[in-house]
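Here the structure is laid out as structure tokens; the discussion comes afterwards.
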There are 2 protein chains.
Amino acid sequence: MKATIKDIAKRTNLSVATVSRILNNKTGFYSEKSAVKVHQAAKDLGYQKNTNAVELVTQSSKVVAVIISSAKTNFADQIIDGIQEVALSKGLNVIFLYAGEDDADIQYKALVTAIERSVMGIVMVAVELNGHNLDYLQQSQIPYIMLSTPHSPKGSVYITTDNYQLGYRATEFLIEKGHEKIALVGNDLSDIGTDRLRGYKDALEQHNLSFNPDFIVTGNFTYEDGVLAVNQLCQAKPQVTALIGGSDMTAIGMINQARDLGLAVPDNLSVMSLDGTKLTKIYRPSITSTVQPFNEIGKRGMQQLISEKSGPHQSQLMTFNIYEGESTRKI
Amino acid sequence: MKATIKDIAKRTNLSVATVSRILNNKTGFYSEKSAVKVHQAAKDLGYQKNTNAVELVTQSSKVVAVIISSAKTNFADQIIDGIQEVALSKGLNVIFLYAGEDDADIQYKALVTAIERSVMGIVMVAVELNGHNLDYLQQSQIPYIMLSTPHSPKGSVYITTDNYQLGYRATEFLIEKGHEKIALVGNDLSDIGTDRLRGYKDALEQHNLSFNPDFIVTGNFTYEDGVLAVNQLCQAKPQVTALIGGSDMTAIGMINQARDLGLAVPDNLSVMSLDGTKLTKIYRPSITSTVQPFNEIGKRGMQQLISEKSGPHQSQLMTFNIYEGESTRKI
DNA sequence: CTGAAAGCGCTTACAG
DNA sequence: CTGAAAGCGCTTACAG
């Protein structure tokens, strides 16, 4: 049987009210003598606060729920770290829930778990909510924010790397290296993919290069997408001289498959990625990449979510750097 | 203001008791007519159950907390997936908490969060609890289990890959390829590292090879450990012909550094890893590795934790396969 | 400085 | 089939 403040009260001949005050350090509302007794009793009894009761009566919670899409979470670690850093410094607790990839039911379950606990806020990481689940989330009245979100739903605040710029600058980087036939691979049809494609197109146009739709191979940011795209684009006669992968995994899939086809990177083919997690640094050849500020996204997301001045928050598009690895070359 | 069952009761002219029964499908305790009214009202009001209240009154919880060490979690994904699979099929909720690497304070905070919520069970993934925190956990009376645990504390149930066998079989694999000078790199001084070392030594002895303490370079399963070890072991004149890394990251660090020193893998040096996550498959050369059954560890851990027949559970040592990649060769 | 009391939202014997 | 009542563990005005 777990000890309660009632047990402590009995043991110390104080009221539960006083015990409660002491345990919560409501300084000025108790004598030092009582405090000593209470703390001793609490220790003796192995007292554990019951958070359910506390939250029930105070109608508030000190926990933030983070819902993470389980699949394309190559970069989730960094976002998680950023979130944790902020939570730690603010004395908040964070619980993480995994929502399967695009599985509306599992997503819903994760939302229910968070919402029924009346968490103080919800962070969605890389998850795409369908209409029903979004309604449910909004109707819960719980503040939320979306990080690296595939779509930018109206009325939701989100923070994500500027996908248009990701596409634009990666393409421009390659153009400046002399490439003219550049493929864009593995991006999906969400805002992420389409924004990147717009950037890609604009960069070409800006540099007076023509757009060839055959060089666009959509996908889902997977390793397999990279493999298939290389087969498709480089099998017969390599038509392209450079490839941009939608994720690090896609880029690695491309490089591996190119190698299997007898094409060397970067000698025969230059490859870039649009994520830039540590995978790009430990792989060989190291992979030239736009480096998304995932850690910073996590930090800002958390800060923004919990900042009290709830003047309507602004969505943010983050900037980024480009890391030049060994996977690209001048031609 | 969030709607409560009281609001529903008022609106439907029923008592909260009846509303509660209907919402919980206590079949037989209410009329269909009332049920319809209640469900309609709940919907109209956007009713959300308050889990805090439910858990407070029922003194029970349907959530399992998983506490994960944040650092060496190259393999945590697979364990998490395994845990989720089981949770989903049993209708349980799982919340994840990250405990910093060997940071007793953060660990403690994670424990507090879980324990004060009276979760139904706690799974520890790759975390090393210090004495104080272990006491705290045990005293909470909440069932727990440790997965891939560095140490095997007395009185705790744990599931981990058989580290002795990991060391033994990897070493034997290399011996059978003709290697006699084999280094063991990046393992720590916990049970994990020492068990592996025992296996390594026994394999040598079994095959009449002498043990050279210079070939043991301890560490913390990091990429850097691999880099440093290769510098130390291969810089002057390569004394070893094969290296076993304590983790995939260590193995990759070794391969990269060997390459930087002008040593080709596997031509000049064979390299193995003792984890075997997907990293070993996507890296080039693909890395020969013992493949720990992380997913299965997650599944079993969860199953065992929640299985009611609480006859004292047994700790388990899991077996594994060896994946032969391109990073090793016969000499 | 302390206590009695109300109440957070819910469940569940008990009585009808 | 339904309701009144007690109670889960805690906090906090209110009164002293």
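In the text below, chain A, chain B and the rest are named by the order of the sequence lines, each starting its count at 1. These figures come from a predicted structure and were not determined experimentally.
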Pairwise P distance, C:dT11 and C:dA15 [rounded to whole Å]: 22 Å

Selection: residues 35-58 of chain B, any non-hydrogen atom under 4.0 Å of DNA chain D: B:L56, B:V57

Would you give me the side-chain donor-acceptor pairs under 3.5 Å for residues 84-93 of chain A, sequence neighbours excluded?
residue	atom	partner	partner atom	Å
A:Q84	NE2	B:Y98	O	3.3
A:E85	OE2	A:N295	ND2	3.4
A:S89	OG	A:V86	O	2.9
A:N93	OD1	B:T113	OG1	3.1

Partner set under salt bridge (charged side-chain N to carboxylate O under 4.0 Å, His left out) for B:R21, not counting sequence neighbours: none

Side chain B:T58, main chain B:V54, donor-acceptor under 3.5 Å: yes

Value in whole Å for how far the C1' atom of C:dG3 lies from NZ of A:K6: 15 Å

Phosphate contact (C:dT2 OP1 or OP2) by A:T18 side-chain N/O below 4.0 Å: no

Listed once per pair and sorted, the salt bridge (Lys or Arg N to Asp or Glu O under 4.0 Å) pairs that draw on residues 51-64 of chain B, sequence neighbours left out: A:R117-B:E55

Side-chain ion pair, A:R11 and A:D44, N-O less than 4.0 Å: yes

Nearest-angstrom distance, C1' atom, C:dT12 to C:dG16: 16 Å

Any donor-acceptor pair under 3.5 Å from B:D7 side chain to B:T4 backbone: yes

Residues that A:R300 engages under side-chain hydrogen bond (donor to acceptor under 3.5 Å, both in side chains), provided they are two or more places apart: A:E296, A:Q316

Phosphate OP1/OP2 of C:dG3 contacted by A:S15 side-chain N/O (<4.0 Å): yes

Nearest-angstrom distance from the residue atom CG of A:L23 to C1' of D:dG9: 12 Å

Stepwise salt bridge (Lys or Arg N to Asp or Glu O under 4.0 Å) check, B:K299 with B:D81: CA-CA 8 Å; B:K299 279 203 229 171; B:D81 283 347; over 6 Å; no

Between A:Q48 and B:Y136, a side-chain donor and acceptor under 3.5 Å: yes

Shortest side-chain distance from B:Q59, nucleotide among D:dC10, D:dC8, C:dC8: D:dC8

A:H151: partners by side-chain hydrogen bond (donor to acceptor under 3.5 Å, both in side chains), with sequence neighbours left out: A:D191

OP1 or OP2 of C:dT11 under 4.0 Å from side-chain N/O of B:S20: yes

Sub-4.0 Å heavy-atom contacts from residues 26-34 of chain A onto DNA chain C, ordered by number: A:G28, A:F29, A:Y30, A:S31, A:S34

B:L134 vs B:Y144, side chain to side chain contact (heavy atoms under 4.5 Å, CB included): CA-CA, chis, key distance, verdict: CA-CA 11 Å; B:L134 182 60; B:Y144 69 93; 4.0 Å; yes

Partner residues of A:D195 under the salt bridge (charged side-chain N to carboxylate O under 4.0 Å, His left out) criterion, sequence neighbours left out: A:R198

Touch class at under 4.0 angstrom, heavy-atom based, for B:D7 against every strand present: nothing

Give me, pair by pair, the N or O atoms of the protein and of nucleotides 13-15 of chain D that are less than 3.5 Å apart, along with how far apart they are.
residue	atom	partner	partner atom	Å
D:dA13	N6	A:R21	NH2	2.7

side-chain hydrogen bond (donor to acceptor under 3.5 Å, both in side chains) against B:S118, all qualifying residues, sequence neighbours excluded: none

Partners meeting side-chain hydrogen bond (donor to acceptor under 3.5 Å, both in side chains) with A:S34 (sequence neighbours left out): A:S31

Interatomic distance where CZ belongs to B:R117 and C1' belongs to D:dC8 [whole Å]: 16 Å

Distance, rounded to the nearest Å, where A:I22 contributes CD1 and C:dT2 contributes C1': 10 Å

Intra- and interstrand pairs of DNA chain D - dot-bracket, Watson-Crick/G-U under 3.5 Å, | marks other strand: |||.||||||||.|||

